[in-house]
Novice: 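Below you'll find the structure I mean.
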Amino acid sequence: MVKRTVADLKMGETGVIKSIFDQTISLKLLEMGFLPGRQVRVEAIAPFGGPLCLHVEGTYQLALRVSEAASIEID
């Protein structure tokens, strides 16, 4: 089964965070509110591979690099 990540979401799509599989940035992402079970929605996508503007359920909006978003697995 192929893992789907936040980086795979299109503008306006949502997903529920399942896990973070990059241990080097997992603590940073957890501290930013990317907790398993929370819903995340793509609010905007910067052009030319720039960051994603995300809304995390129960927290706030923030920008995240595509490489970091690719380490957050969703359902």
Side-chain angles (χ1 to χ4, degrees):
M1 187 168 147
V2 176
K3 290 183 181 179
R4 189 161 184 233
T5 69
V6 172
D8 297 324
L9 295 174
K10 305 294 182 215
M11 182 96 119
E13 285 187 322
T14 62
V16 177
I17 298 171
K18 185 175 178 182
S19 66
I20 299 171
F21 50 86
D22 183 348
Q23 297 304 313
T24 59
I25 63 166
S26 62
L27 181 58
K28 172 186 169 184
L29 293 173
L30 290 169
E31 289 173 344
M32 292 169 59
F34 290 93
L35 302 170
R38 283 206 173 156
Q39 189 177 59
V40 63
R41 180 178 64 243
V42 177
E43 296 289 322
I45 302 172
F48 308 111
L52 306 172
C53 178
L54 304 170
H55 176 81
V56 180
E57 173 190 14
T59 58
Y60 47 83
Q61 290 183 343
L62 55 100
L64 198 64
R65 293 180 185 103
V66 174
S67 61
E68 294 170 335
S71 69
I72 304 171
E73 186 178 7
I74 57 172
D75 282 332

Novice: When rounded to the nearest 0.5 angstrom, what distance separates NZ in Lys3 from CD in Glu73?
Specialist: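 Spacing of NZ (Lys3) from CD (Glu73) equals 5.0 Å.
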
Novice: Which pair of heavy atoms, one from Val42 and one from Ile45, lies closest together, and at what distance?
Specialist: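 Taking every non-hydrogen atom into account, CG1-CG1, 3.7 Å.
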
Novice: Quick check for you: to the nearest 0.5 Å, what is the distance between Ile25 atom CD1 and Leu30 atom CG?
Specialist: 10.0 Å

Novice: Can you tell me how far the CD1 atom of Ile20 sits from the CD1 atom of Ile72, to the nearest 0.5 Å?
Specialist: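 It comes to 5.5 Å.
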
Novice: For Arg38, what residues pass the side chain to side chain donor-acceptor pair (under 3.5 Å) criterion, not counting sequence neighbours?
Specialist: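 Not a single residue meets the side chain to side chain donor-acceptor pair (under 3.5 Å) criterion with Arg38.
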
Novice: Are Tyr60 and Val16 connected in a single hydrophobic cluster, I mean Ile/Leu/Val/Met/Phe/Trp/Tyr linked by side-chain heavy atoms less than 4.5 Å apart?
Specialist: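 Different clusters: Val16 never reaches Tyr60 through Ile, Leu, Val, Met, Phe, Trp or Tyr contacts under 4.5 Å.
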
Novice: Looking at Ala44 and Met11, what are the two nearest heavy atoms and their distance?
Specialist: CA-SD, 3.4 Å

Novice: Give, for atom CD of Glu43 and atom CG of Leu62, the distance between the pair rounded to the nearest 0.5 Å.
Specialist: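 Rounded to the nearest 0.5 Å, the CD-CG separation comes to 10.5 Å.
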
Novice: Any idea which heavy atoms bring Gly50 and Val66 closest together, and the distance?
Specialist: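 Closest heavy-atom pair between Gly50 and Val66: O-CG2, 3.3 Å.
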
Novice: I'd like to check the side chain to side chain donor-acceptor pair (under 3.5 Å) partners of Glu68; sequence neighbours left out, ordered by chain and number.
Specialist: Lys28, Arg65

Novice: For a quick test of reading the model, state the closest non-hydrogen atom pair linking Leu29 to Ser71 and the distance between them.
Specialist: CD1-OG, 3.7 Å

Novice: Atom CD1 in Ile74, atom CD1 in Ile17: separation rounded to 0.5 Å?
Specialist: 9.0 Å

Novice: Which pair of non-hydrogen atoms, one from Gln39 and one from Thr14, has the smallest distance, and what is that distance?
Specialist: NE2-OG1, 3.9 Å

Novice: Looking at every heavy atom in both Val56 and Gly33, which two are closest together, and how far apart are they?
Specialist: CG1-O, 3.3 Å

Novice: Membership question, hydrophobic clusters at under 4.5 Å side-chain separation (ILVMFWY): are Leu64 and Leu27 in the same one?
Specialist: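 No, Leu27 does not connect to Leu64 through the hydrophobic network.
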
Novice: Does some side-chain heavy atom of Leu9 sit less than 4.5 Å from a side-chain heavy atom of Leu54?
Specialist: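 Not in contact.
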
